[in-house]
Amino acid sequence: MRFAGRAQNIQLGREGAYALVLAVMFLLLVGQVFSLQVVQHRTFLAKSLGNKIQAIPLLPPRGQIFDRSGRPLAVNRPSYTLKYFPPVGDAKDDETLAFIAGWLQTDTAKLAESVNKQKNLLYSYQPVTVAEDLPLERVAYIEENRRQFPGCYVDAANAVRYYPLGSAAAHLIGYTAQMTEKEFSSRKTAGYLANEPLGKEGIERQYESDLRGALGERDIEVDRNRYFKRVVVEKPPKKGRDIYLTIDSRIQSAAYEALGGRRGAVVVMDPNTGEILALASSPSYNPNLFRSKEGVNYFARVISDKRYPMLNRSVGNAYAPGSTVKPAIVLGALESNEIGRNATFYCPGHLDIGNREFYCWQRNGHGTLGLLDVIGKSCDVALYHIGLKMGVNGLRHIYEEFGYGTPTGIDLPNEASGMVPSREWKRKHYSGKNYGDIDRMWFDGDTANMAIGQGFMLATPLQVLQQASTLACSGKTAKPVLVKGLESAGEVDTPMREEAKFHNFGEENMQLVRSGMRRAALMGGTASTLASLRVSVACKTGTAEVWNGEPHSWFIGYFPAKEPQVSVVVFLENGGASSSGAVPAAKQLISQIASIMDL
């Protein structure tokens, strides 16, 4: 009986094992059936139909860009694109492609090269683009003569980016273009398609993730000869977010017009909020022409232009700021008690420093000046004295207090930092074997130059404007911003902004400096021609000497002088004296802004 019980237990164990194995096999079978019928359903359906079903990714409509009042700055214009399923092999041997090239009146070899390049980037069985922005009459011809275009279909879901302000806002808005192989390779994991447009500069680049949207998908049926038959199913793409900028398109156009094609930049800001009302750079380019028939040639001309039209001079490069910094230096000297509010300086037209003569721009001299006229008449000799009293460390401190040497943080790519020199910087900069100990020494002449925004000192036009805005608001610095709102689910959300920074400047010192800037715009000041404007202006001019050509021409100011609502910088690269360059341009611009804003 004992042996019989043991045999029975063994038998039961075997039956349990068999049952477990059968259960596992059944689950595997069910999983495989589920995979074949559900997960891989479309794949095997396509095979069963002779590969009739093709999945086509749908590009999302890109979010559009508007100014603060809803005026368009970057919009989507409907466009028809000819798509083609190329056969396996080299496109140069494709008879259909040769026919299409002839019909489009384009070079067959170039079209084949484009197709081969796209095939290398795209996933298998994806259509390539053979023609963009087709006119309606060509679309109609394709639809009526489909058998002449085997493997082709017209995609009406595409859109061409259009920029209403053209060259006037190119550096601000940027542009979109197809990705390079390097760009695609770094974005493939993020779900980008090789033929997807990418924001290249400006707002288009900075807010790419918001503007892009999400891909959709369309399954289409084609016959064995790759003739398009019908749409099987479609998952629509999700549109990107619309962006509303702080820009006023009317002021933007006026700012670009004030530059008159000269190399330079103009930035206009509300100093109270940091909102940028205009940001223009010149020379510029027209992004609308990049997609024209001559787009490739136009782009080649732009990037080879020695005037560097692709450079955003408002934030992307730093220059000697010249005398625009003098109000900040005077304020720094007052705050550090190096001078008093009643200080006077005698200007004979030059000052001996070491074994050199440092000249004032007024070679005959200004005579005896108080601080109001030191600023209003822009006396260099007075600033030499002040700078030597403060020393390099004192100058560096006040410069950094106003944000020089650090990017402002504006929401644009490639912002330059500028540079505030120091003894340590000079030792390091001239540490190479081609320099001697004397090259690495800091001299009083370096300090004097630093006090008038010359020498090693460098700043972007936006940094100089930030100084003017801080003075306009009696020590309050609002971070420059370009986005007023982003559309989300039909509503516009206002992005969070950094709190303004408040500098603990003495009220009387601040008022003295502001009065000096007001004097610059009155009779006897360096911008006396502004006295005829209907709006009161406080300002500072600058003519910065450079080693390669004419001096840079500068103007910074704010208005109305007592209750500022607008601050502005005008910079003309190698533009000559400010009295004949930046000041007339600023006068023209301020007059237009006052009219637009009814100031």
Side-chain angles (χ1 to χ4, degrees), residues 264-265 267 313 317-333 347 351 353 358-362 374-406 408 416-422 425-426 442-471 513 516-517 520 526-527 539-548 550-557 569-579 581-583:
V267 188
R313 287 170 165 82
N317 203 17
Y319 311 87
S323 296
T324 58
V325 303
K326 289 176 180 176
I329 302 305
V330 170
L331 180 61
C347 171
L351 180 65
I353 303 176
F358 282 69
Y359 290 95
C360 184
W361 72 269
Q362 182 64 271
V374 165
I375 296 173
K377 296 179 183 292
S378 193
C379 179
D380 291 328
V381 168
L383 266 294
Y384 295 149
H385 284 293
I386 292 172
L388 292 171
K389 284 177 176 289
M390 296 177 70
V392 57
N393 291 334
L395 291 172
R396 184 176 174 85
H397 173 76
I398 193 62
Y399 275 130
E400 291 177 342
E401 185 76 11
F402 274 95
Y404 288 105
T406 305
T408 67
S417 298
M419 209 264 293
V420 179
S422 65
W425 171 86
K426 191 177 182 185
W442 186 274
F443 295 97
D444 285 345
D446 294 325
T447 304
N449 276 328
M450 188 175 175
I452 62 168
Q454 296 270 187
F456 307 117
M457 181 70 190
L458 296 172
T460 68
L462 183 60
Q463 287 175 325
V464 181
L465 176 62
Q466 186 168 255
Q467 173 201 297
S469 297
T470 300
L471 294 171
V513 170
M517 293 180 69
T526 54
C539 67
K540 186 69 193 75
T541 61
T543 303
E545 300 292 336
V546 292
W547 64 271
N548 57 341
E550 292 293 312
H552 298 325
S553 186
W554 287 93
F555 173 93
I556 57 169
V569 60
V570 176
F571 165 71
L572 297 178
E573 186 178 338
N574 302 122
S578 59
S579 58
V583 172

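The figures here come from the full heavy-atom set of this structure, side chains too, leaving out hydrogens, waters and symmetry mates.
Each of Trp425, Tyr404, Phe443 was compared with Phe456 under the ring pair (Phe, Tyr, Trp, His ring centres under 6.0 Å) criterion, and only Trp425 meets it. For the side chain to side chain donor-acceptor pair (under 3.5 Å) criterion with Lys540, the lone passing option out of Ser378, Ser578, Ser323 is Ser378.
The CG atom of Leu383 lies 13.5 Å from the CZ atom of Phe358; values are rounded to the nearest 0.5 Å. Interatomic distance, CG of Leu572 versus CZ of Arg313, reported as 11.0 Å (0.5 Å rounding). Residue Ile386 holds its CD1 atom at 12.0 Å from CD1 of Ile452, rounded to the nearest 0.5 Å. Rounding to the nearest 0.5 Å places CG of Asn548 at 6.0 Å from CG of Asn574. Atom CG of Leu465 and atom CZ of Phe555 lie 11.0 Å apart (nearest 0.5 Å).
Of all heavy-atom pairs between Trp361 and Asp380, the closest is N-OD2, 2.9 Å. Leu462 and Val267 make their closest contact through CD1-CG1, 4.0 Å (heavy atoms, listed as atom of the first residue, atom of the second, distance). The two residues Thr324 and Pro327 have their closest heavy-atom pair at O-CD, 3.3 Å. Taking both residues in full, the closest heavy atoms of Cys539 and Ala527 are given as SG-CB, 3.6 Å, listed atom of the first, atom of the second, then distance. Minimum interatomic distance between Tyr399 and Gly453 (heavy atoms only, all atoms of both residues): OH-N, 3.8 Å. Listed here is the closest heavy atom pair of Ile375 and Met517: CG2-N, 3.8 Å.
Contact of the Leu331 side chain with the Leu471 side chain is registered, since non-hydrogen atoms from C-beta on lie closer than 4.5 Å. Side-chain contact between Phe571 and Pro321 is absent, with no heavy-atom pair separated by less than 4.5 Å. By the 4.5 Å heavy-atom criterion applied to side chains, Trp554 and Val569 are counted as neighbours.
Ser422 and Trp442 share no donor-acceptor pair across their side chains, judged by distance under 3.5 Å alone.
Between the side chain of Gln463 and the main chain of Phe402, no donor-acceptor pair closer than 3.5 Å is present. Judged purely by atom type and a 3.5 angstrom limit, Thr447 has no side-chain atom pairing as donor or acceptor with the backbone of Leu388. Looking at Glu401, its side chain never comes within 3.5 Å of a backbone N or O of Gly332 through a donor-acceptor pair. The main-chain N or O of Glu573 is never found under 3.5 Å from a side-chain atom of His552 such that the two would form a donor-acceptor pair.
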From CA spacing to verdict: side chain to side chain contact (heavy atoms under 4.5 Å, CB included), Val381, Gln362: CA-CA 9 Å; Val381 168; Gln362 182 64 271; over 6 Å; no
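Residues forming a salt bridge (charged side-chain N to carboxylate O under 4.0 Å, His left out) with Glu400 (at least two apart in sequence, or on another chain): Arg396. Residues satisfying the side-chain hydrogen bond (donor to acceptor under 3.5 Å, both in side chains) criterion with Asn449, sequence neighbours excluded, are absent altogether.
Pairs of residues two or more places apart, or lying in two chains, never qualify as side-chain hydrogen bond (donor to acceptor under 3.5 Å, both in side chains) while including a residue from residues 383-392.
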